[in-house]
Amino acid sequence: MRARLGVWWHGARPRTLGASVAPVLVGMAAAGRAVAWRSVAALVVAVALQVGANYANDYHDGVRGVDTERRAGPPRLVASGLASPRAVLAAAVACIGVAGVAGLALALATTLWLVPLGALAIAALWLYSGGPRPYAGLGLGELSVFVFFGLMATAGAAYVNAERVSEAAWWASVPMGLLIVAILEANNVRDIRTDAAAGKRTLAVRIGDRAARRLYRALLIGAYAAVVAGVLVGIAAPGHGLPEWALLALASWPLAIRPMERIGSAEGAALVPVLVDTSLLTVAFGALLALGLWIAGATAA
């Protein structure tokens, strides 16, 4: 039984789940207040959607033959035979169902407009690798991740707590989105060869290995630049940018150095630590940004 649970835990890709938690924490801090059950429900939605997306991608890429034994990354459930396609599909649907129930509770407590937005997020999750023409193969995966796991997750967490989205929340959602896209880009750089061989033309495949590695670095630098820009706007026009305490996020920069160096030359499985380091960076960056926003709100009250 323990071994079986370990298989599903592995399939959930726990080392990257911080990508769903960090934006919610930042959104909660940007809201200036936190309603306990709403905050927990927002975390459930975010984590369940990410795990559901991981299982759905595992299922779709496994049955389509995109994931094979030649993958440089950790083995996937379907491709490696650790779980049947039907079981992985059921796990994906179950996670989406959990997110849907939690999301519906938030919608009933705030606004029913969250229902169509949630449905759109679920459709984006499913069509990333599924459907007649998966948009991950059209090079649109990065855009979708930025919108749903960055902008919507951060702003959504702010909204369900304060029932409004402040400009600080919107500003904070940008660097979070860029960092989460960087996690995806590290994954896609690693899989360029196998994705190209399977006909999955991700953005990394389309722009090429060297440009994709440059894009990864630009995403990390862009996240820090977005915080600085938001603070400068906030200084010039108080209330329309980020508070100065948001600069605490810059203290996470040392964690960005190693993955930025490794992305330059690492190949294949050696790129897995880049993905893990980027996830850890996202959590640290998000925690520091959330702390800065919380301190700014507490001192202004």
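From a predicted model like this one, the values you see are computed outputs, not experimental measurements.
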>> Are the side chains of W171 and S166 in contact, using a 4.5 Å heavy-atom criterion?
In response: no

>> To the closest 0.5 Å, what do you measure between CG (L17) and OG1 (T282)?
In response: 12.0 Å

> Do L271 and V189 pass the side chain to side chain contact (heavy atoms under 4.5 Å, CB included) test, and can you show the C-alpha distance, the side-chain angles, and the key distance before you say yes or no?
Replying inline: CA-CA 8 Å; L271 283 164; V189 168; 3.8 Å; yes

> Rounded to the nearest 0.5 Å, how far apart are CD1 of I192 and CG of D195?
Replying inline: 8.5 Å

> Quick check: are there more than 12 heavy atoms from other residues, nucleotides or ligands sitting under 6.0 Å from CH2 of W9?
Replying inline: no

> Given the rule in the side chain to side chain contact (heavy atoms under 4.5 Å, CB included) test, do L291 and W245 qualify, once you have shown the distances and angles that lead to the verdict?
Replying inline: CA-CA 8 Å; L291 177 60; W245 278 105; over 6 Å; no

>> So that I know where these two stand, are Y55 and W8 an aromatic pair - ring centroids less than 6.0 Å apart?
In response: yes

> Applying the 4.5 Å side-chain criterion to the ILVMFWY set and letting contacts propagate, would L89 and V7 be lumped into a single cluster?
Replying inline: yes

> If two hydrophobic side chains count as joined below 4.5 Å and joins carry through other members, does I235 share a cluster with L242?
Replying inline: yes

> Is there side-chain contact between V51 and V47, with at least one heavy-atom pair below 4.5 Å?
Replying inline: yes

> Where is the tightest heavy-atom contact between L178 and A223, given as atom of each residue plus distance?
Replying inline: CD1-N, 3.7 Å

>> Counting C-beta onward and ignoring hydrogens, is there a side-chain heavy-atom pair between T110 and R38 closer than 4.5 Å?
In response: yes

>> So which atom in A136 and which in K200 form the shortest heavy-atom distance, rounded to 0.1 Å?
In response: CB-CE, 4.0 Å

>> If I compare all heavy atoms of V231 with all of A246, which pair ends up nearest, and what's the gap?
In response: CG2-CB, 4.1 Å

> V165 and W170: side chain to side chain contact (heavy atoms under 4.5 Å, CB included), yes or no, with the steps?
Replying inline: CA-CA 7 Å; V165 183; W170 285 118; 3.3 Å; yes

> Taking C-beta and beyond as the side chain, do L179 and I183 meet within less than 4.5 Å on heavy atoms?
Replying inline: no

>> I need the minimum non-hydrogen distance between T154 and P23, along with the two atoms involved.
In response: OG1-CB, 3.4 Å

> Could you give the distance from CD (E261) to CD1 (I257), rounded to the nearest 0.5 Å?
Replying inline: 7.0 Å

> If you measure from CE on M152 to CG on L114, what distance do you get to the nearest 0.5 Å?
Replying inline: 8.0 Å

> Would W37 end up clustered with V21 when hydrophobic side chains under 4.5 Å apart are linked, directly or stepwise?
Replying inline: yes

> What is the minimum heavy-atom distance between A266 and A270, and which atoms define it?
Replying inline: CB-O, 3.8 Å

> If we only count heavy atoms from C-beta on, is the Q50 to L125 side-chain gap below 4.5 Å?
Replying inline: no

> Is V160 reachable from L49 through a run of hydrophobic residues whose side-chain heavy atoms are each under 4.5 Å from the next?
Replying inline: yes

>> Show me the pairs that pass ring pair (Phe, Tyr, Trp, His ring centres under 6.0 Å) and involve residues 81-131, at least two apart or across chains.
In response: H60-W126, Y128-Y135

>> Checking Y59 against L77 for the side chain to side chain contact (heavy atoms under 4.5 Å, CB included) test, could you report, in this order, the C-alpha distance in whole Å, the side-chain angles of both residues, the deciding distance, and whether it holds?
In response: CA-CA 8 Å; Y59 167 76; L77 299 181; over 6 Å; no

>> Working to the nearest 0.5 angstrom, can you tell me the gap between N54 CG and S20 OG?
In response: 9.0 Å

>> How long is the straight-line distance from OG1 of T278 back to CZ of R15, given to the nearest 0.5 Å?
In response: 12.0 Å

>> Assigning hydrophobic clusters by single linkage (Ile, Leu, Val, Met, Phe, Trp, Tyr; side-chain heavy-atom cutoff under 4.5 Å), is W253 placed with L248?
In response: no

> Do the non-hydrogen side-chain atoms of L127 and P134 ever get within less than 4.5 Å of each other?
Replying inline: no

>> I need the minimum non-hydrogen distance between L293 and A172, along with the two atoms involved.
In response: CD1-CB, 4.2 Å

> Side-chain donor-acceptor pair under 3.5 Å between T111 and Y159, yes or no?
Replying inline: no

